**Student:** 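First, the structure itself, so that you have it in front of you.
Order of appearance sets the numbers: ligands from 1, and atoms from 1 within every ligand. Note that the structure is a prediction, hence the values are computed from the model and not measured.
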Amino acid sequence: AARFHTGWERAWRSPQPKKKYDVIIVGAGGHGLATAFYLGKNFGITNVAIIEKGWLGGGNTGRNTTIIRSNYLQDPSAALYEKARSLYETMSQDLNYNVMFSPRGVIMLAQTEHEVRGYKRTAHANMLQGVETRFIGPEEVKKLVPIISLEGPRYPVLGGLYQARGGTGRHDAVAWGYARACSDMGMDIIQQCEVTGVRSSGGKVTGVDTTKGAIDCDKLGLVVAGNSGALANMAGFRLPMESVALQALVSEPIKPCMDVVVMANTVHGYMSQSDKGEMVIGGGTDGFNNYTQRGSFHHIEETVRALVETFPMVSRLKMLRQWGGIVDVTGDRSPVIGKTPLGNCFINAGWGTGGFKAIPGGGWATAELIAKGEPGPLSAEFGMERFIEGRFIDESVAAGVAH
Ligand code: FAD
Ligand code: PYC
């Protein structure tokens with residue numbers, strides 16, 4: 001009998017936890033895995049465990065709509081997101097894993113005069129930051145997106161902020177590629193293992209309690225997105241973050257009809273087409289805090305209404321499935337990569353609705369922070385002390401998703 005598809009090696013090992021590690025990372029999402037990867041690759045630190053309560057990539061990393069762009073307004077953000085975007089360009093080669101990075105272009109539509117001014121300002125800022133974007137008029141939008149309706153019953157399309165080297169990537173593959181590389185470096189990825197407590201003594205972390213027993217460490221990284229508040233609570237401090245649901249849906253697969261990503265932030269909907277042909281759709285966050293990975297019904301209606309007016313053909317599409325993730329939102333819509341009140345405990349969180357695009361850059365910066373004990377140039381501005389100092393990195397417009 002044919003013996004196809006047998007004898008495949010597992011992509012990563014599933015070891016039992018050791019008693020102690022140099023570094024424990026809590027959360028095997030994209031940011032946790034990328035942090036571990038760059039700890040090994042850039043600093044030679046490989047006695048590392050990545051502890052995951054579910055399955056790796058099963059949090060927001062496997063639930064997002066995979067938009068990658070770096071068209072942010074403020075200098076620290078543009079540097080961080082552009083570092084990430086540029087790492088996506090070579091990620092498949094670097095990890096020897098096809099993450100299907102597809103720089104097909106991203107347009108953020110301007111549908112009010114205010115948005116036109118705002119996006120022109122961002123295009124100018126991006127030019128100074130070395131991020132390639134430009135403001136395009138409605139005719140060019142129509143040329144790039146023939147299925148769009150420029151008139152719109154409520155808001156006409158007045159132009160858009162276009163990043164030609166933005167696009168999408170295969171979210172699961174990003175997690176799987178980093179996981180395999182971490183495992184190959186000798187790191188332990190421990191799935192189905194929930195961290196239930198953070199042990200400390202004299203202002204320093206000594207280890208974590210988990211559903212597989214206590215594990216000691218010299219340094220701890222908390223990289224748990226929507227569960228960041230819960231983990232901080234275990235460690236004895238509070239975060240300036242809220243957890244809310246963000247949901248997405250996909251249609252039945254149809255023939256290729258749109259080869260750029262379009263975000264329509266005034267009407268609150270965005271859409272791209274997957275390689276399978278499904279239209280990948282999302283909108284704004286729920287207006288209340290919660291931890292259920294579902295999302296509320298009224299957002300589906302609002303999102304679909306926005307897309308029907310932007311792309312009338314959507315009205316004839318059947319939707320296949322819908323899901324939600326819990327995103328960790330800060331007041332200035334920028335992440336936190338920084339120290340915590342516990343000396344050897346570090347945090348990467350607060351990516352909110354936009355951290356998939358940031359995974360390689362966030363991991364790079366967090367690894368540097370953990371290895372050196374101090375933030376490097378990429379994360380210097382992103383410590384949570386900025387909320388005490390009133391030094392916000394306001395990206396509420398660039399976030400693109402209504403909160
Ligand atoms: P996660 O992938 O959520 O990983 C955190 C991990 O920590 C989880 O696997 C979780 O199980 C684990 N964990 C939590 N608590 C514990 C514990 N106690 N013990 C052990 N493990 C624990 N971003 C973009 O850039 N572009 C997009 O198009 C985009 N679209 C999105 C659409 C949706 C519907 C959603 C929900 C998000 C979207 N995002 C997008 C945001 C993006 O998904 C996140 O910012 C990013 O994935 C965060 O990665 P992470 O590794 O920090 O978190
Ligand atoms: O950050 O670009 C983004 C995004 C789009 C949809 C959700 N997040």
**Student:** Write none if no such pair exists; otherwise list each N/O atom of ligand 2 with its protein N/O partner under 3.5 Å and the distance.
**Tutor:**
from: ligand 2; atom 1: 1 (O); to: Arg69; atom 2: NH2; distance (Å): 3.3
from: ligand 2; atom 1: 1 (O); to: Lys357; atom 2: NZ; distance (Å): 2.5
from: ligand 2; atom 1: 2 (O); to: Arg69; atom 2: NE; distance (Å): 2.7
from: ligand 2; atom 1: 2 (O); to: Arg69; atom 2: NH2; distance (Å): 3.0
from: ligand 2; atom 1: 8 (N); to: Thr353; atom 2: O; distance (Å): 2.7

**Student:** Could you tell me whether Arg165 and Glu132 have a side-chain N and a carboxylate O separated by less than 4.0 Å?
**Tutor:**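 Looking at Glu132 together with Arg165, the answer is no, because their closest N to O distance does not fall below 4.0 Å.
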
**Student:** With hydrogens left out, which residues have an atom under 4.0 Å from ligand 1, given that only heavy atoms count?
**Tutor:** Val26, Gly27, Gly29, Gly30, His31, Ile51, Glu52, Lys53, Gly59, Asn60, Thr61, Arg63, Asn64, Thr65, Thr66, Ile67, Cys193, Glu194, Val195, Val223, Val224, Ala225, Asn227, Leu231, Leu246, Gln247, Ala248, Tyr270, Gly325, Val327, Trp351, Gly352, Thr353, Gly354, Gly355, Phe356, Lys357

**Student:** Does Lys204 have more than 12 heavy atoms from other residues, nucleotides or ligands lying within 6.0 Å of its NZ?
**Tutor:** no

**Student:** For Glu89, I'd like to know if atom CD has over 12 heavy atoms of other residues, nucleotides or ligands within 6.0 Å.
**Tutor:**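 Counting neighbours around CD of Glu89, more than 12 heavy atoms of other residues, nucleotides or ligands fall under 6.0 Å, so yes.
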
**Student:** For Val250, check side chain to side chain contact (heavy atoms under 4.5 Å, CB included) against everything at least two apart and list the hits.
**Tutor:** Glu278, Val280, Leu320, Arg321, Trp323

**Student:** Write down the atom of Met241, the atom of Ala349, and the distance for their closest heavy-atom approach.
**Tutor:** CE-CB, 3.7 Å

**Student:** For Tyr178 and Phe37, I'd like to know if the aromatic rings sit close, meaning centre-to-centre distance below 6.0 Å.
**Tutor:**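 Yes, they do, as the ring centres are separated by less than 6.0 Å.
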
**Student:** Considering the options Asp218, Thr46, Asp188, which one meets the side-chain hydrogen bond (donor to acceptor under 3.5 Å, both in side chains) requirement together with Tyr21?
**Tutor:**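 With Tyr21 as partner, side-chain hydrogen bond (donor to acceptor under 3.5 Å, both in side chains) holds for just one option, Asp188.
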
**Student:** Does Asp332 use its side chain to pair, donor to acceptor, with the backbone of Asp394 at less than 3.5 Å?
**Tutor:**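 Not confirmed, Asp332 side chain does not pair with Asp394 backbone.
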
**Student:** Going by ring pair (Phe, Tyr, Trp, His ring centres under 6.0 Å), name the residues that satisfy it together with Phe356, two or more places apart in sequence or in a different chain.
**Tutor:**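 Result, ring pair (Phe, Tyr, Trp, His ring centres under 6.0 Å) vs Phe356: Tyr88.
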
